[in-house]
Amino acid sequence: MSKRGKKSSRALWQRAGYALFRYIFRLISLTYFRYKVENRHLVPKTGGAIICANHQSHFDPPVVGQSIPRHVCYMARQSLFSNPFMGFIFHMLDAIPVQRGGGFSGVKNTLMRIKRGDVVVLFPEGTRSKDGKLGRMKSGFITLARRGKVPIIPAGVAGAYEALPRGTIIPRQSNVRVTFGEAISVEQIQDMSDEEVIEELRVRIQVCMETSRQSSRMK
């Protein structure tokens with residue numbers, strides 16, 4: 001779908017709110033978290049794609065999403081939309097509600113976004129890390145990539161766990177970094193088994209995380 005077609009599918013308040021939130025969060029990230037991005041050129045400028053990143057904190061969706069100039073969509077638990085205020089925020093940010101365990105509606109909507117040429121950000125771990133390390137990944141993203149015929153782009157976040165670990169409310173100052181890796185191509189995804197795709201993605205995300213960690217240690 002063309003850029004014009006995609007814009008017309010969203011209300012004006014959603015587009016304005018998305019742009020405003022992105023601007024404010026980027027300003028805060030650059031000043032308070034000394035935010036930096038590595039290898040954003042590895043994300044295709046056009047066409048559908050899935051960005052798979054490690055999940056350290058509630059900061060991860062906007063941190064990863066603002067790393068590229070393209071509009072991105074997010075997958076979020078449907079329960080998060082039950083709060084009126086948070087539901088408003090998630091709708092404004094173009095999040096896709098997904099029921100725990102997958103849910104046909106959420107998968108269908110995500111697949112539709114991917115096929116029309118959107119970039120979707122998701123976190124294969126399914127929940128935030130308890131220690132900042134990469135946890136066990138679920139395989140649901142593979143079905144989306146295969147059916148949508150789009151590449152999977154690994155991303156590694158570092159510093160977000162230190163900024164807002166589980167159980168905390170007030171963010172701490174930290175060097176937050178995002179690094180993108182080489183995409184797992186459509187052809188590779190079709191040829192590999194689910195276990196091989198997960199292992200390959202795990203290795204690539206860990207490489208990206210290590211690059212981000214090294215960068216975060218530099219002042």
Side-chain angles (χ1 to χ4, degrees), residues 14 17-40 43 50-83 85-98 119-138 141 153-181 201 205-219:
Q14 288 178 305
Y18 182 97
L20 178 62
F21 183 88
R22 183 184 178 105
Y23 174 80
I24 293 174
F25 192 84
R26 183 169 180 80
L27 184 63
I28 294 172
S29 298
L30 290 172
T31 55
Y32 192 71
F33 299 117
R34 295 182 288 274
Y35 164 79
K36 290 184 180 179
V37 183
E38 301 280 349
N39 300 333
R40 63 160 55 94
V43 181
I50 295 174
I51 295 177
C52 288
N54 61 306
H55 202 0
Q56 293 191 333
S57 81
H58 285 311
F59 280 157
D60 296 334
V63 161
V64 176
Q66 71 174 357
S67 299
I68 61 174
R70 296 184 60 180
H71 175 94
V72 301
C73 309
Y74 307 91
M75 294 182 71
R77 294 197 315 273
Q78 189 168 17
S79 59
L80 297 174
F81 291 77
S82 59
N83 180 286
F85 175 74
M86 292 306 299
F88 174 83
I89 296 296
F90 279 114
H91 280 301
M92 183 182 68
L93 297 179
D94 208 12
I96 306 167
V98 179
V119 174
V120 173
V121 175
L122 55 83
F123 303 93
E125 294 164 273
T127 187
R128 288 167 293 154
S129 172
K130 295 181 179 179
D131 55 9
K133 298 178 181 179
L134 182 63
R136 182 175 178 272
M137 296 192 296
K138 301 177 181 179
F141 68 95
I153 302 161
V157 180
Y161 176 78
E162 289 74 14
L164 194 69
R166 295 181 66 163
T168 60
I169 299 176
I170 301 175
R172 308 164 184 170
Q173 195 168 36
S174 175
N175 293 343
V176 177
R177 302 289 188 266
V178 176
T179 301
F180 292 103
L201 179 63
I205 289 179
Q206 287 179 326
V207 170
C208 292
M209 289 175 64
E210 181 57 32
T211 301
S212 291
R213 276 195 293 266
Q214 292 178 1
S215 176
S216 68
R217 297 189 187 108
M218 301 172 62
K219 295 184 179 180

### Rounded distance (nearest 0.5 Å) linking atom CG of L93 with atom CZ of F88
9.5 Å
### Query
Looking only at heavy atoms, what is the nearest atom pair of I153 and G181, with distance?
CG2-O, 3.9 Å
### Task
Can you sort out the partners of Y161 under side-chain hydrogen bond (donor to acceptor under 3.5 Å, both in side chains), two or more places apart, ordered by chain and number?
none
### Task
Tell me, please, which residues at least two apart from S174 pass side-chain hydrogen bond (donor to acceptor under 3.5 Å, both in side chains).
none
### Query
Are the side chain of S82 and the backbone of Q78 linked by a donor-acceptor contact shorter than 3.5 Å?
no
### Message
If you define the side chain from C-beta out and look only at heavy atoms, does anything of V178 sit under 4.5 Å from Y35?
### Response
yes
### Query
Okay, side chain of S212, backbone of T179: is any donor-acceptor separation there less than 3.5 Å?
yes
### Message
Do F33 and I28 make a side-chain contact, defined as non-hydrogen atoms from C-beta onward lying under 4.5 Å apart?
### Response
yes
### Task
Specify the closest pair of heavy atoms between C73 and D94, including all atoms of both residues, with the distance to one decimal.
SG-OD2, 3.5 Å
Could you pull out all donor-acceptor pairs under 3.5 Å where a side-chain atom in residues 18-27 meets a protein atom, sequence neighbours excluded?
| from | atom 1 | to | atom 2 | distance (Å) |
| --- | --- | --- | --- | --- |
| Y18 | OH | V72 | N | 3.0 |
| Y18 | OH | V72 | O | 3.4 |
| R22 | NH1 | G65 | O | 3.3 |
| R22 | NH2 | I68 | O | 2.1 |

### Heavy-atom pair of closest approach, residues Q56 and N54
CG-ND2, 3.5 Å
### Query
Which residues satisfy the side-chain hydrogen bond (donor to acceptor under 3.5 Å, both in side chains) test with Q206, sequence neighbours excluded?
none
### Query
Is the backbone of V37 close enough, under 3.5 Å, to the side chain of S67 for a donor and an acceptor to pair up by distance?
no
### Task
Mind checking the CZ-OG spacing from R34 to S215? Nearest 0.5 Å is all I need.
11.5 Å
### Side-chain heavy atoms of C52 within contact of L122, under 4.5 Å
yes
### Query
How long is the span from the CD atom in Q214 to the CZ atom in R217, to the nearest 0.5 Å?
6.5 Å
### Query
Quick one: does L201's side chain get under 4.5 Å of P124's, heavy atoms only?
yes
### Task
Take V64 and Y74 through the side chain to side chain contact (heavy atoms under 4.5 Å, CB included) test and state the conclusion after the steps.
CA-CA 10 Å; V64 176; Y74 307 91; 5.9 Å; no
### Task
State, to 0.1 Å, how close K133 and S129 come at their nearest heavy-atom pair, and which atoms those are.
O-OG, 2.9 Å
### Query
Which residues satisfy the side-chain hydrogen bond (donor to acceptor under 3.5 Å, both in side chains) test with Q66, sequence neighbours excluded?
S29
### Task
Check step by step if side chain to side chain contact (heavy atoms under 4.5 Å, CB included) holds for E125 and L134.
CA-CA 8 Å; E125 294 164 273; L134 182 63; 3.5 Å; yes
### Query
With no hydrogens and no angle check, is any side-chain donor or acceptor of N39 less than 3.5 Å from a backbone partner on F180?
yes
### Message
Determine whether a donor-acceptor pair (N or O, by modelled atom type, separation under 3.5 Å) exists between the side chain of E38 and the backbone of T211.
### Response
no
Show which side-chain atoms of residues 166-173 pair as donor or acceptor with protein atoms under 3.5 Å away, not counting sequence neighbours.
| from | atom 1 | to | atom 2 | distance (Å) |
| --- | --- | --- | --- | --- |
| R166 | NH1 | R128 | O | 2.9 |
| T168 | OG1 | P165 | O | 2.6 |
| Q173 | NE2 | Y32 | O | 3.3 |

### S57: side-chain contact (heavy atoms from CB on, under 4.5 Å) partners, not counting sequence neighbours
F59, D60, A160, L164
### Query
Sequence neighbours excluded, which residues qualify as ring pair (Phe, Tyr, Trp, His ring centres under 6.0 Å) partners of F123?
H55
